[in-house]
Each structure stands twice: as C-alpha cells, then as structure tokens.
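I have placed the structure first, in the form of structure tokens, so that the comments after it can refer back to it.
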There are 2 protein chains.
Amino acid sequence: MVETGPSDIYRNYIACLNGQDWPRLGQFVHDEVRRNGKPFGLANYRAMLQRDFEEIPDLRFDVRLLVTEPPYVASRLFFDCRPKGAFLGLPINGRRVTFAENVFYEFRDCRIVEVWSVIDKAAIEAQLEGQR
Amino acid sequence: MVETGPSDIYRNYIACLNGQDWPRLGQFVHDEVRRNGKPFGLANYRAMLQRDFEEIPDLRFDVRLLVTEPPYVASRLFFDCRPKGAFLGLPINGRRVTFAENVFYEFRDCRIVEVWSVIDKAAIEAQLEGQR
C-alpha cells in the first residue's frame, strides 16, 4: 500500500478546487475547519470558494512552491485571472491581474483543519496603478 | 557535533534581526539573495531592514509557525507595532497595528538565497477602518 502524505492530499485538494468538485470538498477539509485563527466551518469554506469562482470565472489555483512538515503544509499559490468586478475591495472590472497567496494548512485525520492565508493585495494595487 | 538544520539557522537569523545585529546579517543571508523572484542582494536586504526599524521603532519579528523541508523554510510571522508614519502606503501615524507575514525562504550553503514574502495589508486596512 502506498502511503499518502499531506503533499499528495494537498495536490488532490487543489485538483478538487480547480475542478469545482464541491461534493468532494469534505474529503479534504474538516467540518470544523478554522481560518486565520477563527472558527469557519466546511459550509462557509465551500460558500467562500463558490463565491470566488463566481466573481473570478477564470480562477485557477497554481501551486508554485510546496513545503511539507506534517501536520503542516505551506504553499505559495499563483493566480493569473480577470475578476469581473471588485476583488479585495479593489476595482478590477475584468482586467487581468497576477498575484500570489502564501498559505499555511494544518492537517488532522488527513483533512485540512486550519488555514492561515495571506494574499498579495499590494501586488494587485501596483498593477492597477501601472494601468492608469 | 550537533547538526544545524534550516530551522535552527532561521531562528538565529530572526534573533539577528530582532537584535538589529547588521554586521552578522551576512552569516544568514546570501550576497546574491533574491526577493519575490527578482535579484535583490545583501546590501539592499540590509538597507530594507534598517529602514523598517527606522520607520517602526518597536518592530519585532515573532515566529508563530515554522514549516521546514530543506532547502525550504516557511514561516508565519506576527507583528504588533506602531509604525511612525506611512506603512505599505497606509497612514498609520503611530497607531498600534497587528498583522501577519507569510514568507518562504530557500537556503543554499546554510544561507537564505531567495525570499517570497506576503504581508497581510488587508488586515491592517481593516484595523484602520475600525478606528475611524
């Protein structure tokens, strides 16, 4: 039997997001998941992701760097997309933006139980400045 | 002889920053260090940190989460400080703000050779909003 570590589970989780395969999300995310130090829950987590895909139709999670030390996974995600309207309070309005998200996950029982995420908002602002 | 891994080196690097021990910085940071994908160099790196401490006299790096998989270290840093004037383009003007930085480091020859950092600017903006 092949051992499945956090990095394999994590890559399957990312494939689940990119496939918008919401019925499978609970295989990767714990019911009692916490986000940035606060209770959040699987239902909120799924709703947040569905809203992200509604607001950013070409959203795609691209793992650029993966650092694993069980029970933790740290990932640098890259995005290249065109949010339809506002994103993080910024007026994107269909323009193309690229940015990174540096995010930590804690796993329990092979599922994500805590997430600490930071999105590079300053990089997006710099791109909007440059387009003015 | 005790093996010194990246997490030990990293904690000594953080102690060097908190001690503002700039002559020692080159023990931890490579001459040719890159930052967010671009050439940066040790002299710029030191100047950036010195400027940070000038603009934020009570700056202190507090490691909250450390994930190590050689040659990478991922760290979630926490800050609780009072920037004197503007910080990340925001008018802080001596108010107390708390925020995180999620940052990845690549090590080569026991020194940091590449850094990918994201600071939680949105969290600071939310605190300024709440104080209005």
Side-chain angles (χ1 to χ4, degrees), chain A residues 5-8 10-11 34-38 48 52 62-80 83 86-90 92 97-107 112-130 132, chain B residues 5-8 10-11 34-38 48 52 62-80 83 86-90 92 97-107 112-130 132:
Chain A
S7 64
D8 299 308
Y10 182 71
R11 290 195 184 277
R34 295 169 61 87
R35 193 163 175 279
N36 293 337
K38 290 177 188 149
M48 173 188 71
D52 287 343
D62 179 5
V63 179
R64 288 294 172 97
L65 199 54
L66 197 58
V67 181
T68 303
E69 185 182 20
Y72 298 105
V73 167
S75 172
R76 181 164 167 92
L77 296 165
F78 180 75
F79 300 94
D80 180 344
F87 177 60
L88 304 177
L90 300 172
I92 311 292
V97 287
T98 61
F99 59 93
E101 176 183 0
N102 285 2
V103 53
F104 291 82
Y105 306 85
E106 183 175 349
F107 280 75
I112 294 165
V113 73
E114 181 118 28
V115 181
W116 296 270
S117 152
V118 184
I119 292 172
D120 195 351
K121 184 175 179 181
I124 303 173
E125 288 170 336
Q127 289 164 56
L128 297 180
E129 279 292 325
R132 261 178 208 159
Chain B
S7 64
D8 299 307
Y10 182 71
R11 289 194 185 277
R34 295 168 61 86
R35 192 162 176 276
N36 292 337
K38 290 177 190 146
M48 173 188 72
D52 287 343
D62 179 5
V63 179
R64 290 293 173 97
L65 199 54
L66 198 57
V67 181
T68 304
E69 185 183 20
Y72 297 105
V73 167
S75 173
R76 181 165 168 91
L77 296 165
F78 180 75
F79 300 93
D80 180 344
F87 177 61
L88 303 177
L90 300 172
I92 311 292
V97 287
T98 61
F99 59 93
E101 177 183 0
N102 286 2
V103 53
F104 291 82
Y105 306 84
E106 182 175 349
F107 281 75
I112 294 166
V113 72
E114 180 118 28
V115 181
W116 297 269
S117 151
V118 184
I119 293 173
D120 196 351
K121 184 176 179 181
I124 303 172
E125 288 171 336
Q127 290 162 57
L128 297 181
E129 280 291 327
R132 262 179 207 158

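Contacts between B/E106 and chain A at a heavy-atom distance below 4.5 Å are absent for every atom of the residue. With a 4.5 angstrom heavy-atom cutoff, B/S7 does not touch chain A via any of its atoms.
In this structure, the side chains of A/E69 and B/L66 stay at 4.5 Å or more apart for every pair of heavy atoms.
Contact count against chain A (heavy-atom pairs under 4.5 Å) is highest for B/V67 among B/N36, B/V67, B/D120. Between chain A and the residues B/T68, B/N102, B/L88, B/L65, the most heavy-atom pairs under 4.5 angstrom are made by B/N102. Among B/F104, B/W116, B/Y72, the residue making the largest number of heavy-atom pairs under 4.5 Å with chain A is B/F104.
Minimum interatomic distance between A/S117 and B/R76 (heavy atoms only, all atoms of both residues): N-NH1, 4.4 Å.
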